[in-house]
Enquirer: 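Would you mind keeping the following structure in view while I ask a few things?
Here is the naming used below: chain letters follow the sequence lines, and residue numbers restart at 1 for every chain. From a predicted model like this one, the values you see are computed outputs, not experimental measurements.
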Amino acid sequence: DTGVSQDPRHKITKRGQNVTFRCDPISEHNRLYWYRQTLGQGPEFLTYFQNEAQLEKSRLLSDRFSAERPKGSFSTLEIQRTEQGDSAMYLCASSLATSDSPNFGEGSWLTVV
Amino acid sequence: KNQVEQSPQSLIILEGKNCTLQCNYTVSPFSNLRWYKQDTGRGPVSLTIMTFSENTKSNGRYTATLDADTKQSSLHITASQLSDSASYICVVSDRGSTLGRLYFGRGTQLTVWP
């Protein structure tokens with residue numbers, strides 16, 4: 001499977017715990033995006049990488065959120081001190097250029113209890 | 001403010017029927033418009049992408065239209081199938097941002113009944 005891969009697919013955690021999600025983009029894609037989606041809503045932009053450089057962060061990405069793409073390949077999204085409002089699906093997408101439609105992964109579902 | 005509005009919010013049709021979903025946007029300057037299909041609990045899958053100069057584009061039973069003057073797009077689904085039940089999301093990107101910022105609509109939830 002050469003699509004965008006996300007891990008884990010589901011995560012249940014207690015409030016206050018830290019969680020980390022991983023995204024493996026399509027290998028030749030240099031652009032990588034993170035989005036958050038809640039039920040009945042479209043995806044909301046969180047952050048964007050071109051290669052290893054994080055070029056933009058949404059105001060939604062509070063200081064509890066951090067994303068990295070250390071070698072310009074896979075990316076991680078860490079949420080510290082999780083809150084119930086963080087419960088959502090976290091989507092990763094990658095593309096080769098801005099003119100391309102990003103390819104989305106299957107998402108990582110987070111439930112904070 | 002750059003926005004993407006979709007209508008209807010939800011739609012129920014019988015198998016075999018046609019339907020049309022609407023997308024209005026205020027994103028400027030416009031770069032391109034995409035339609036995605038998202039099955040419940042899955043990631044979105046691209047159906048079509050249209051640039052400023054394109055009026056219509058087809059992908060099997062899906063046909064998208066774009067009127068860049070009125071800033072409207074539609075997605076027409078022909079001869080619907082049960083597997084078409086999903087959320088259809090309109091996504092517009094702006095040309096002003098070198099980052100290709102994507103603006104998402106909230107989606108139209110389509111349910112196809114047998």
Enquirer: Give me each pair satisfying salt bridge (charged side-chain N to carboxylate O under 4.0 Å, His left out) with a member in residues 59-74 of chain B, each pair once, sequence neighbours excluded.
Expert: B/Arg61-B/Asp84
Enquirer: Could you tell me which residues in residues 103-114 of chain B have at least one non-hydrogen atom under 4.5 Å from a non-hydrogen atom of chain A, sorted by residue number?
Expert: B/Phe104, B/Gly105, B/Arg106
Enquirer: Within a radius of less than 6.0 Å around NZ of A/Lys11, do more than 12 heavy atoms belonging to other residues, nucleotides or ligands occur?
Expert: no
Enquirer: Does a sphere of radius 6.0 Å around CZ in A/Arg64 hold more than 12 heavy atoms from other residues, nucleotides or ligands, not counting ones at 6.0 Å or beyond?
Expert: yes
Enquirer: Only counting residues at least two apart or in another chain, list the ones meeting side chain to side chain donor-acceptor pair (under 3.5 Å) with A/Arg22.
Expert: A/Asp24
Enquirer: Check whether more than 12 heavy atoms from other residues, nucleotides or ligands sit under 6.0 Å from atom CD1 of B/Ile12, and answer yes or no.
Expert: yes
Enquirer: Find out if a path of hydrophobic residues (ILVMFWY) with successive side-chain heavy-atom gaps under 4.5 Å connects B/Val4 to B/Leu11.
Expert: yes
Enquirer: Tell me, side chain or backbone of B/Gln38 under 4.5 Å from chain A's heavy atoms, or both, or neither?
Expert: side chain
Enquirer: Please check if atom CD in A/Glu78 has more than 12 non-hydrogen atoms from other residues, nucleotides or ligands closer than 6.0 Å.
Expert: yes
Enquirer: Quick check: under 4.5 Å, non-hydrogen atoms only, which of residues 81-93 of chain A neighbour chain B?
Expert: A/Met89, A/Leu91
Enquirer: Closest heavy-atom contact between B/Gly43 and A/Glu106?
Expert: N-OE1, 3.0 Å
Enquirer: Let me check something: do A/Phe74 and A/Leu46 share a hydrophobic cluster, defined by ILVMFWY side-chain heavy atoms less than 4.5 Å apart, either directly or through other members?
Expert: no
Enquirer: Please check if atom CD in B/Gln9 has more than 12 non-hydrogen atoms from other residues, nucleotides or ligands closer than 6.0 Å.
Expert: no
Enquirer: Applying the 4.5 Å side-chain criterion to the ILVMFWY set and letting contacts propagate, would B/Leu66 and B/Ile89 be lumped into a single cluster?
Expert: no
Enquirer: Rounded to the nearest 0.5 Å, how far apart are CG of B/Leu102 and OH of A/Tyr35?
Expert: 3.5 Å
Enquirer: Where on A/Glu44 is there a heavy atom nearer than 4.5 Å to chain B: the side chain, the backbone, both, or neither?
Expert: neither
Enquirer: Could you tell me whether B/Leu82 atom CG has more than 12 heavy atoms of other residues or ligands within 6.0 Å of it?
Expert: yes
